Each structure stands twice: as C-alpha cells, then as structure tokens.
**Q** 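Dropping a structure here in structure tokens format, bear with me for questions.
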Amino acid sequence: MTARLPKPPKSSRPSRSPAHSPLRPAKKKIAATVAGVEPISASAPPITQKLHKLLAQAGLGSRREMEELIAAGQTTINGKVATIGDRAGPEDIVRVGKRVIHLKSPERLPRVMLYHKPEGEIVSRDDPQGRPSVFEKLPQMRSSKWIAIGRLDYNTSGLLIFTTDGELANRLMHPRFEVEREYAVRIMGRLTPEVTELLTTGVELEDGLAKFEHLSDQGGEGSNHWYRVILKEGRNREVRRMFEKVGMTVSRLMRVRFGPINLPPRLKRGKWIELDEVEIKRLLELVAISQ
C-alpha cells in the first residue's frame with residue numbers, strides 16, 4: 001500500500017474538539033489534588049516567585065540562561081541590581097538592561113502556537129539573503145517574544161512550535177530530555193535491510209554518532225519511497241545528513257510530530273493555530289512543568 005503526504009483540505013482551522021487535539025493522548029492519566037490550602041485574604045502579601053523563573057516565563061530564555069543573566073548583573077528589581085535567588089512579583093519593576101519586563105502573574109499560562117511551515121522559509125528573524133521568515137507569519141507582541149521550539153531548515157516543511165515561555169522551550173529542546181521528533185521522509189530509491197539496520201544502530205557524522213529510534217517503510221511509487229523516522233535530538237540537518245551518509249538523497253522532508261504534539265491534519269501550510277487553555281495545561285503536565 002502506498003503512503004503519501006495528505007493534501008491539506010480547504011479549511012485552515014482544525015477542529016477544536018478534544019478528539020482532534022494536536023496533543024498526543026497521555027499514556028497515563030495525570031491527576032493532581034490540592035488539600036489544606038487556605039483562601040488568601042485581602043491583606044495577604046503579594047505572591048512572588050524567583051526572578052530567574054519569572055524571566056524565563058516572560059520568554060527571555062531558559063531558567064539557566066536567566067540565572068547567568070542575573071549573575072552578570074544585567075537585571076534590576078525596583079532599581080536595585082538583582083542577585084540569584086531574589087524574588088519578584090507583579091508589583092515590582094524588573095528591568096533587563098534598560099528594558100522593562102512585564103511579569104506574568106503566577107496563574108497566567110504561557111502562549112503556545114503551532115505553525116505549519118512550508119518549504120522556502122527560514123526559522124530566523126534576521127537573514128542576510130532576505131529570505132521569508134516564519135516569524136513574519138506570527139501575531140506580533142509588545143511585551144514578550146515568540147521562541148521557536150526547534151528549527152527546520154529552509155527546504156523542510158512541517159510542524160513548528162512557538163511559545164512565550166523559555167522554560168517550556170528548554171524542556172522540549174534540551175538534549176538531556178530526549179524529546180522525540182518524528183518525520184515523514186521521501187527518498188530516491190529504497191533502503192536495504194542492511195542500510196536500515198545501520199541507520200537504527202548508528203552512523204558516524206562529523207558531529208558524532210546519530211541514529212533513528214524508529215524507522216519504518218511507508219511505501220511509494222516509482223523511484224520515490226516514503227519512510228517514517230523518529231529522532232530524540234535536533235542537530236542541524238540531521239535527518240538529511242544521515243541518509244546522505246548511506247548514499248541516499250532526501251527529496252522531501254516533513255516534521256509531523258514534536259514530543260507530545262502532532263501536526264494537526266487540517267492545518268494548512270503557512271497557517272497557525274494557538275493552543276487553548278486546556279491544551280496548554282495538559283502540555284505543561286506532559287512535560288512536567290508546574291505552574
């Protein structure tokens with residue numbers, strides 16, 4: 001049976017029903033209980049959080065990067081140079097350099113955007129060649145910025161995730177968390193059993209050993225053949241380089257899943273959707289980030 005990439009239907013907005021959520025079904029139900037919590041009175045002091053966490057939530061980078069920023073003396077709280085371990089709240093004036101950072105309240109969720117990247121766009125805000133950027137398609141924000149979770153090269157299409165939360169971005173991208181990336185790959189020719197075994201046990205690239213966690217034949221027509229592959233890292237052009245290493249040329253590459261998030265089947269190329277509150281809370285649970 002042949003396997004082809006499905007053509008996007010006319011509608012660009014996927015169903016928002018739970019059955020069509022882009023989040024993968026959780027393997028295990030996650031439950032949380034809160035007990036013994038007293039209501040906060042009107043005279044209660046404002047809720048504060050550690051500064052590096054608040055800066056990460058504001059979309060400035062990961063928690064570790066924010067700690068380095070604070071240690072370098074580049075942040076202030078109410079005009080006083082901050083140190084690691086300092087706390088701040090919504091009433092405080094926090095600056096990074098001369099820029100005032102608008103802090104999120106503890107209950108405020110980050111924003112998460114899914115974008116279906118077409119071929120011919122770069123995942124960068126600046127390009128000397130003046131090529132189209134994926135950031136040109138996203139809604140503009142004044143108090144924070146979109147962080148791209150992973151990249152896709154100029155000739156690769158598929159799922160891109162954007163968020164305003166540096167901690168979430170770091171949790172999905174950092175190699176130590178081994179978050180899966182799944183791709184549909186079209187190559188010229190077919191893989192032999194020997195080459196398939198090599199790609200799943202490891203091929204040596206210039207930046208180290210690389211392997212697919214999963215590789216399956218999806219069929220094809222003529223000289224073109226489709227495969228589904230899964231990686232647990234995101235090195236530059238890794239999928240293409242692995243196939244090139246075994247003498248195969250990739251003619252089409254599309255990311256269809258990043259961690260627990262699938263590319264919505266009805267999301268057209270060049271279009272985006274924003275996750276709703278329920279989906280964002282579930283995503284944070286799945287990647288073990290507490291609010």
Side-chain angles (χ1 to χ4, degrees), residues 1-8 22 24 114-124 127-129 131-134 148-161 172-265 267-270:
M1 181 177 180
T2 61
R4 303 186 186 186
L5 290 178
K7 293 182 179 180
R24 265 196 163 190
L114 309 185
Y115 178 65
H116 189 162
K117 177 190 175 299
E119 297 172 353
E121 292 182 353
I122 62 168
V123 188
S124 174
D127 179 41
Q129 301 179 43
R131 293 172 295 181
S133 168
V134 296
I149 297 178
R151 290 174 174 265
L152 293 174
D153 66 45
Y154 185 72
N155 294 317
T156 300
S157 63
L159 175 65
L160 273 176
I161 307 170
L172 287 170
M173 284 191 294
H174 199 285
R176 72 186 178 94
F177 295 114
E178 297 187 329
V179 174
E180 290 184 346
R181 287 92 157 154
E182 184 175 340
Y183 297 83
V185 189
R186 187 180 71 186
I187 65 172
M188 303 291 290
R190 298 187 64 171
L191 300 178
T192 64
E194 294 76 19
V195 170
T196 298
E197 182 177 359
L198 181 61
L199 288 170
T200 52
T201 55
V203 294
E204 192 66 40
L205 303 177
E206 58 268 26
D207 53 355
L209 192 70
K211 70 173 184 177
F212 293 129
E213 299 296 325
H214 174 88
L215 190 161
S216 62
D217 190 328
Q218 300 294 298
E221 293 179 342
S223 60
N224 292 316
H225 213 78
W226 285 99
Y227 291 88
R228 182 172 71 95
V229 302
I230 295 176
L231 289 167
K232 285 188 176 179
E233 57 185 3
R235 284 185 263 173
N236 184 43
R237 299 185 70 254
E238 188 170 7
V239 175
R240 294 181 186 274
R241 290 189 291 135
M242 289 177 67
F243 277 100
E244 289 169 359
K245 187 71 175 182
V246 297
M248 295 293 179
T249 300
V250 173
S251 59
R252 186 86 179 275
L253 182 60
M254 179 179 185
R255 185 158 65 200
V256 296
R257 179 172 64 87
F258 196 117
I261 300 180
N262 294 294
L263 177 65
L267 181 59
K268 295 177 64 176
R269 293 183 186 184

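None of these values were measured; they are calculated from a predicted model. No hydrogens, no waters, no symmetry mates; every other heavy atom, side chains included, goes into these values.
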**Q** State plainly whether the residues Glu121 and Arg131 are in salt-bridge range, i.e. N to O under 4.0 Å.
**A**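 No.
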
**Q** Looking just at side-chain N and O atoms, do Thr196 and Glu194 make a donor-acceptor pair shorter than 3.5 Å?
**A**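 On atom types as modelled, these side chains do not qualify, holding no pair under 3.5 Å.
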
**Q** Below 4.5 Å, heavy atoms only, C-beta onward: do Val134 and Ile122 meet side chain to side chain?
**A**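 No, side chains not in contact.
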
**Q** Taking C-beta and beyond as the side chain, do Leu253 and Arg240 meet within less than 4.5 Å on heavy atoms?
**A**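 Yes; the side chains approach each other to less than 4.5 Å.
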
**Q** Are the side chain of Arg241 and the backbone of Asn236 linked by a donor-acceptor contact shorter than 3.5 Å?
**A**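 Answer holds: yes.
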
**Q** Under a 4.5 Å cut-off applied to non-hydrogen side-chain atoms, are Val256 and Asn262 in contact?
**A**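 No, their side chains stay 4.5 Å or more apart.
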
**Q** Indicate whether any N or O donor in one side chain lies under 3.5 Å from an N or O acceptor in the other, for Asp127 and Ser124.
**A**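 No, no side-chain donor-acceptor pair sits under 3.5 Å.
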
**Q** Check the pair Arg257 / Glu180 against salt bridge (Lys or Arg N to Asp or Glu O under 4.0 Å), numbers first and verdict last.
**A** CA-CA 8 Å; Arg257 179 172 64 87; Glu180 290 184 346; 2.7 Å; yes

**Q** Please check this pair: side chain of Lys232 against backbone of Glu213, looking for a donor-acceptor N/O pair closer than 3.5 Å.
**A**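 No, Lys232 side chain to Glu213 backbone: no donor-acceptor pair under 3.5 Å.
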
**Q** Regarding Glu238 and Arg181, does a basic nitrogen lie under 4.0 Å from an acidic carboxylate oxygen?
**A**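 Salt bridge: no.
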
**Q** Taking the side chain as everything from C-beta on, heavy atoms only, tell me whether Lys211 gets closer than 4.5 Å to Thr200.
**A**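 With C-beta onward as the side chain, the pair stays apart.
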
**Q** Could you tell me the separation between the CG atom of Leu152 and the OH atom of Tyr183, rounded to the nearest 0.5 Å?
**A**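 With rounding to 0.5 Å, CG (Leu152) is 6.0 Å from OH (Tyr183).
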
**Q** Looking at Leu209 and Arg235, what are the two nearest heavy atoms and their distance?
**A**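 The answer is O-NH2, 2.5 Å.
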
**Q** With a 6.0 Å cut-off (strictly less than), is the heavy-atom count around CD of Glu197, excluding the residue itself, greater than 12?
**A**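 No - once you tally the heavy atoms of other residues, nucleotides and ligands closer than 6.0 Å, there are 12 at most.
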
**Q** Cut-off 3.5 Å, side chains only: do Arg228 and His214 have a donor facing an acceptor?
**A**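 There is such a pair (donor and acceptor under 3.5 Å, judged by atom type) between the side chains of Arg228 and His214.
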
**Q** When you compare the side chain of Leu215 with that of Leu191, does any pair of heavy atoms fall below 4.5 Å?
**A**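 Of all side-chain heavy-atom pairs linking Leu215 with Leu191, at least one is under 4.5 Å.
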
**Q** Restricting to non-hydrogen atoms, name the atom on His116 and the atom on Leu267 that form the minimum distance, rounded to 0.1 Å.
**A**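 His116 and Leu267 have their closest heavy atoms at ND1-O, 2.7 Å.
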
**Q** Considering only heavy atoms from C-beta outward, does the side chain of Leu231 approach that of Glu182 to under 4.5 Å?
**A**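 No; the side chains remain at least 4.5 Å from each other.
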
**Q** Do NZ/NE/NH1/NH2 and the carboxylate oxygens of Glu204 and Lys245 come within less than 4.0 Å?
**A**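 Not counted as a salt bridge, because no side-chain N and carboxylate O are separated by less than 4.0 Å.
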
**Q** Checking salt bridge (Lys or Arg N to Asp or Glu O under 4.0 Å) for the pair Glu119/Arg269: CA distance, chi angles, key distance, verdict?
**A** CA-CA 9 Å; Glu119 297 172 353; Arg269 293 183 186 184; 5.6 Å; no

**Q** Mind checking whether Phe212 and Tyr227 have ring centres under 6.0 Å apart?
**A**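 No, the ring of Phe212 stays outside the 6.0 Å limit from the ring of Tyr227, centre to centre.
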
**Q** Quick one: does any side-chain atom of Lys117 pair with a main-chain N or O of Val123 as donor and acceptor, under 3.5 Å?
**A**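 Judged by distance alone, no pair lies under 3.5 Å.
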
**Q** Would you indicate whether the side-chain heavy atoms of His225 and Met248 approach each other to under 4.5 Å?
**A**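 Not touching, per the 4.5 Å side-chain cut-off.
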
